[in-house]
**Student:** 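My structure is below; once you've seen it, I'll send some questions.
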Amino acid sequence: MNEPIISAHGVHHVYQRKAVLSQLSLEVPEGAVLGLVGRNGAGKSTLLRSLVGLTVPDKGFCKLGGCLSTDLSDSVRERLGYVAQTPDLLDWLTGDAHFERIGSLYAHWDQDRACALAAQLSLPLFTKAKDLSLGDQQKLSVVLALGHDPDILILDEPVASLDPMTRRAFMRALFEQRDSERPRTVIISSHLLSDLERVVTHVAFMREGRIQLMDEWDALTEHLRLVQVHGTE
């Protein structure tokens, strides 16, 4: 069997004497779109930060593209796009200047793609990040994550501050035609399953630092349908 492109193995992390992640394991196959669902405080952000190497768990380990998340190779970093729950931007730079700064770090940055996506999301490019609304800051973070056409995309509550029309445009952008022959693998977190149900192939439910249930979306919806039918008999 092929190694999963994203995985966590017995990950345990304590913050302020509380277990934020508790012996958590996860495997995401290449090409999957995983919806990570759970209430605020369930540990979703800590898990995603651990997957991309920004948080080092106290026990266990994560892997991304065959590399330990704490020691990602340049080739894996080139394939990765990440959007944090709180936009991580340079306050004094405009969106256009962000493109220039971030684009210089990626061999496959596509300025035309980034500008087209910004237009699709109605993102003002010549306003400093500190003067953008929270929704526009989130849009800018998304465009920066997508501008180099990554194969691995990890998004932490990316639609929380977006209006319904922009949410739909954003979801379309995730799955638009790509130049790469590799399928894109996506993890996208939300506390609302309704934000994700039209795009996911898999769903994982988190609670108190653990994965309570993970399965393919079709299997889960079929199970729910059977339960509903049984309940009406």
Side-chain angles (χ1 to χ4, degrees), residues 4 6-28 32-64 68-70 72 80-89 129 132-142 144-145 152-164 166-167 170-171 174 185-217 220-221 223-224:
I6 302 171
S7 60
H9 304 266
V11 173
H12 191 81
H13 188 69
V14 175
Y15 179 70
Q16 295 184 346
R17 299 184 179 181
K18 179 182 178 182
V20 182
L21 299 176
S22 183
Q23 306 299 328
L24 182 149
S25 294
L26 174 73
E27 292 189 347
V28 183
V33 180
L34 173 68
L36 184 65
V37 182
R39 295 179 178 178
N40 293 332
K44 301 188 303 297
S45 293
T46 304
L47 172 58
L48 298 186
R49 287 179 58 85
S50 298
L51 290 173
V52 299
L54 295 176
T55 292
V56 179
D58 298 313
K59 296 180 182 178
F61 62 94
C62 300
K63 296 185 77 174
L64 206 65
L68 287 172
S69 295
T70 52
L72 295 178
L80 172 64
Y82 169 66
V83 176
Q85 185 174 19
T86 301
D88 186 14
L89 302 169
L132 293 172
S133 67
L134 180 57
D136 283 338
Q137 288 180 5
Q138 204 163 32
K139 293 177 191 177
L140 178 55
S141 297
V142 167
L144 292 173
I152 304 170
L153 192 57
I154 296 182
L155 308 167
D156 191 359
E157 298 270 5
V159 298
S161 300
L162 304 183
D163 61 77
T166 307
R167 289 185 186 199
F170 164 71
M171 290 300 182
L174 289 185
T185 306
V186 181
I187 299 182
I188 179 169
S189 75
S190 178
H191 61 281
L192 296 174
L193 181 58
S194 58
D195 284 340
L196 311 177
E197 58 186 357
R198 292 185 179 181
V199 298
V200 296
T201 62
H202 296 68
V203 178
F205 295 94
M206 277 194 75
R207 182 182 180 188
E208 296 179 352
R210 296 178 181 268
I211 300 291
Q212 298 289 320
L213 173 67
M214 178 177 168
D215 206 341
E216 294 183 8
W217 174 244
L220 287 172
T221 53
H223 175 72
L224 178 60

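Nothing fancy with the numbering, it's 1 onward along the sequence. No experiment lies behind these values; they were computed from the predicted model shown.
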**Student:** Quick one, Ile154 and Leu64 - any side-chain contact, counting heavy atoms below 4.5 Å?
**Tutor:**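 In short, these two side chains touch, coming nearer than 4.5 Å.
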**Student:** Side-chain contact test, heavy atoms from C-beta onward, threshold under 4.5 Å: evaluate it for Leu144 versus Leu89 and give yes or no.
**Tutor:**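 A side-chain contact exists here, since the closest heavy-atom pair is under 4.5 Å.
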**Student:** Under 4.5 Å between any side-chain heavy atoms of Asp88 and Ser141, yes or no?
**Tutor:**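 No; the side chains remain at least 4.5 Å from each other.
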**Student:** For the residue pair Lys139 and Leu132, establish whether any side-chain heavy-atom pair is separated by less than 4.5 Å.
**Tutor:**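 Lys139 does not reach Leu132 side chain to side chain.
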**Student:** Checking Leu47 against Val11 for the side-chain contact (heavy atoms from CB on, under 4.5 Å) test, could you report, in this order, the C-alpha distance in whole Å, the side-chain angles of both residues, the deciding distance, and whether it holds?
**Tutor:** CA-CA 9 Å; Leu47 172 58; Val11 173; 5.6 Å; no
**Student:** How many angstroms lie between atom CG of Leu21 and atom NE2 of His12, to the nearest 0.5 angstrom?
**Tutor:**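 That separation rounds to 8.5 Å.
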**Student:** Looking at every non-hydrogen atom in both residues, tell me the closest pair between Asn40 and Glu157 and how far apart they are.
**Tutor:**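 That would be OD1-OE2, 4.1 Å.
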**Student:** Could you pull out all residues at least two apart from Ala84 that satisfy side chain to side chain contact (heavy atoms under 4.5 Å, CB included)?
**Tutor:**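 With sequence neighbours excluded, Ala84 shows a side chain to side chain contact (heavy atoms under 4.5 Å, CB included) to Tyr82, given in chain and number order.
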**Student:** I'd like to check the side-chain hydrogen bond (donor to acceptor under 3.5 Å, both in side chains) partners of Lys44; sequence neighbours left out, ordered by chain and number.
**Tutor:**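 If we apply the side-chain hydrogen bond (donor to acceptor under 3.5 Å, both in side chains) test to Lys44, skipping adjacent residues, there are no hits.
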**Student:** Return the set of residues passing side chain to side chain contact (heavy atoms under 4.5 Å, CB included) with Thr201 (not counting sequence neighbours), or none when no residue passes.
**Tutor:**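 If we apply the side chain to side chain contact (heavy atoms under 4.5 Å, CB included) test to Thr201, skipping adjacent residues, the hits are Ala32, Val33.
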**Student:** What's the separation between atom OG in Ser7 and atom CG in Leu26, rounded to the nearest 0.5 Å?
**Tutor:**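 The CG atom of Leu26 is 8.0 Å from OG of Ser7, to the nearest 0.5 Å.
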**Student:** Would you name the heavy atoms of Ala8 and Cys62 that are closest together and state the gap between them?
**Tutor:**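 Nearest pair, atom of Ala8 first, then Cys62: CB-SG, 4.0 Å.
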**Student:** Would you give the length of the straight line joining atom CG of Leu80 to atom CD1 of Ile152, rounded to the nearest 0.5 angstrom?
**Tutor:**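 Rounded to the nearest 0.5 Å, the CG-CD1 separation comes out at 6.0 Å.
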**Student:** Report the residues that fulfil side-chain hydrogen bond (donor to acceptor under 3.5 Å, both in side chains) with Gln85, sequence neighbours left out, ordered by chain and then residue number.
**Tutor:**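 By the side-chain hydrogen bond (donor to acceptor under 3.5 Å, both in side chains) rule, Gln85 matches Ser45.
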**Student:** Which residue pairs pass the side-chain hydrogen bond (donor to acceptor under 3.5 Å, both in side chains) test when at least one of the two sits in residues 202-212, sequence neighbours left out?
**Tutor:**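 Those involving residues 202-212 are Ser22-Arg210.
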**Student:** Minimum heavy-atom separation for Ala204 and Leu34, please, with both atom names.
**Tutor:**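 In this case the closest contact between Ala204 and Leu34 is N-CD1, 3.6 Å.
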**Student:** Suppose we screen for side chain to side chain contact (heavy atoms under 4.5 Å, CB included). Which residues come up paired with Val56, at least two apart in sequence or across chains?
**Tutor:**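 Applying side chain to side chain contact (heavy atoms under 4.5 Å, CB included) to Val56 gives Thr70.
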**Student:** By side chain to side chain contact (heavy atoms under 4.5 Å, CB included), which residues pair with Thr185, not counting sequence neighbours?
**Tutor:**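 For Thr185, the residues satisfying side chain to side chain contact (heavy atoms under 4.5 Å, CB included) (neighbours in sequence not counted) are Ile5, Ile6, Val28, Glu30.
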**Student:** Can you tell me which residue among Leu213, Leu36, Val37 is in a side chain to side chain contact (heavy atoms under 4.5 Å, CB included) with Val203?
**Tutor:**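 Among the candidates, only Val37 passes.
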**Student:** Got Leu140 and Pro87 here, is their nearest side-chain heavy-atom distance under 4.5 Å?
**Tutor:**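 In short, these two side chains do not touch, never coming nearer than 4.5 Å.
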**Student:** Just to verify, what does Asp156 make a salt bridge (charged side-chain N to carboxylate O under 4.0 Å, His left out) with, not counting sequence neighbours?
**Tutor:**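 Result, salt bridge (charged side-chain N to carboxylate O under 4.0 Å, His left out) vs Asp156: none returned.
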**Student:** Residues in ring-ring contact (aromatic ring centres under 6.0 Å, His included) with His9, at least two apart?
**Tutor:**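 Once residues adjacent in sequence are excluded, the partners of His9 under the ring-ring contact (aromatic ring centres under 6.0 Å, His included) criterion are Phe61.
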**Student:** What are the two closest heavy atoms between Leu24 and Gly209, and how far apart are they?
**Tutor:**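 Shortest heavy-atom separation between Leu24 and Gly209 comes out as CD1-O, 3.5 Å.
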**Student:** Write out all pairs satisfying salt bridge (Lys or Arg N to Asp or Glu O under 4.0 Å) with one or both partners inside residues 48-61, taking only residues at least two apart or from two chains.
**Tutor:**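 For residues 48-61: none.
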